[in-house]
Protein chains: 2
Amino acid sequence: MQKTKRLLAIEKIIEEAHISTQDELLKRLKGKGISCTQATLSRNLRQLGVARIPDSTGEYKYSLSENIRSTANSPVKLNIVPVIQDIVEAKGLMVIKTIPGNASNTAFFIDGAGRYEIAGTIAGDDTILLIPRDGITLQQVHTCLEIILPGIHDQIKKK
Amino acid sequence: MQKTKRLLAIEKIIEEAHISTQDELLKRLKGKGISCTQATLSRNLRQLGVARIPDSTGEYKYSLSENIRSTANSPVKLNIVPVIQDIVEAKGLMVIKTIPGNASNTAFFIDGAGRYEIAGTIAGDDTILLIPRDGITLQQVHTCLEIILPGIHDQIKKK
DNA sequence: TTGTTTTTTGCATATTTATACATTTATTTT
DNA sequence: AAAATAAATGTATAAATATGCAAAAAACAA
């Protein structure tokens, strides 16, 4: 999807550069071949939980706040070890298969991201049941997972 | 001074209440007998380093950013599951300690990378023995591990 | 497929926030 | 004390951001 790609690009740019207005970000995105309007950007930034913070020099800077929420529990990102094997949907829930023994880690990590979309998770040995909040579609959860675990979907499709 | 009192009041209100616009804050201040204009407020908020963050329900909230800054601007980002605890070398071999129950899958992953430098691995519950090929130095294995699991060494040193 | 529903997006604009400039208030110097 | 300097503030407005609504795109169902 177009949006997912944009969300990821936004996060990347914000991490790497000093962005202080949405127009500035807009131009950067164009430079990467991704284009949208300021309105869409505003919505995306809200969805990503991106904060605008005045730094010590008196300038404003956009900054990911995902880290903020999750630092306490989980300061790391799980996107290297290919632990996730498959994702199946059933009854509005999401069942995530991992390699043996890794459901718990992974669920703990997903919880740590503190995403609103996810009500909670239950993990066995190699299977996680992910319960989305009421009103959240599985599609939204997918987007959300892509944010938490960039590349996750590509990884699965590859198999 | 008038300003100091106001700055303190602003911090207090922001900590205690869910403030999402400056006008809202303005009214709260009036309720406390402190009055100024939105312009002044904007300046004060910048001086205090107060961030405006979209929370997970999609609302905006002003928030003191002292806590935030350290993490938000931190240049260091780890990218792996923190399963590996330690690496010790002995007799030309490498002993890798993981958190309980994770030796097997980590070893499986290392094997999966198919690196020439690594002859093979043997895993227990929380320990992996990694056997380098003849002629490969431990230094080379380190480099190799860094390729397979970027950031692994930083992670260990941090502990 | 075609029709139906949901999600995403742009446009236009409202809302919100930041700032240039002038004025007042406080602080320092003589 | 007055004069000089610096800091804080309000006014008006510019700049930036958010959002209602309609259209387009995507996902879904029959």
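Sequence lines set the chain letters: A, B, ... in the order given, protein chains first and strands last, and positions in each chain run from 1.
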Does B/Q38 make a side-chain donor-acceptor contact with the base of C/dA18, cut-off 3.5 Å?
yes
Measure across B/K61 and B/A17 and return the closest heavy-atom pair with its distance rounded to 0.1 Å.
NZ-O, 3.9 Å
For the atom pair CZ (A/R28) and CG (A/L26), what is the distance rounded to the nearest 0.5 Å?
12.5 Å
Nearest-Å distance for atom pair CD/P, residues A/Q47 and C/dT7:
12 Å
Whole-Å distance separating the CD atom of A/E59 from the P atom of C/dA18:
13 Å
Between C1' of D/dA8 and CG of B/L48, the distance in whole Å:
15 Å
Whole-Å gap separating C1' (C/dT17) and CG (A/L45):
16 Å
note: A/I53, atom CD1; D/dT17, atom P; distance rounded to Å ~ 14 Å
Do A/E24 and A/S20 have a side chain donor and acceptor closer than 3.5 Å?
yes
Minimum side-chain heavy-atom gap A/I14-A/L45 below 4.5 Å
yes
May I ask you to evaluate whether A/T40 reaches the phosphate of C/dT9, defined as a side-chain N or O under 4.0 Å from OP1 or OP2?
no
Could you check how far CG of A/N44 sits from C1' of C/dT8, rounded to whole Å?
9 Å
Atom-pair distance (NZ on A/K61; C1' on D/dT17), nearest Å:
18 Å
Members of residues 14-30 of chain B that approach DNA chain D, where some heavy atom sits under 4.0 Å away
none
What heavy-atom pair brings A/H18 and A/Y60 nearest, and what distance separates the two atoms?
NE2-O, 3.4 Å
Out of C/dG10, C/dA18, D/dA18, which has the shortest distance to the side chain of B/S42?
C/dA18
Between the side chains of A/Q47 and A/K3, does any donor sit under 3.5 Å from an acceptor?
yes
Please tell me if A/R46 has a side-chain N or O lying less than 4.0 Å from either OP1 or OP2 of D/dT19.
yes
Between B/Y60 and C/dT15, is there a contact of a side-chain N or O with OP1 or OP2 at under 4.0 Å?
no
Hey, could you give me the CD/CG distance between B/Q38 and B/N44, rounded to the nearest 0.5 Å?
11.0 Å
Report, one pair per line, the protein and nucleotides 20-23 of chain C atoms (nitrogen or oxygen only) whose separation is under 3.5 Å.
from	atom 1	to	atom 2	distance (Å)
C/dA20	N6	B/R43	NH2	2.8

Side chain to side chain, A/I96 and A/I110, heavy atoms closer than 4.5 Å
yes
B/L41 side chain reached by B/L29 side chain, heavy atoms, under 4.5 Å:
yes
Nearest-angstrom distance from the residue atom CG of B/L41 to P of D/dT11
14 Å
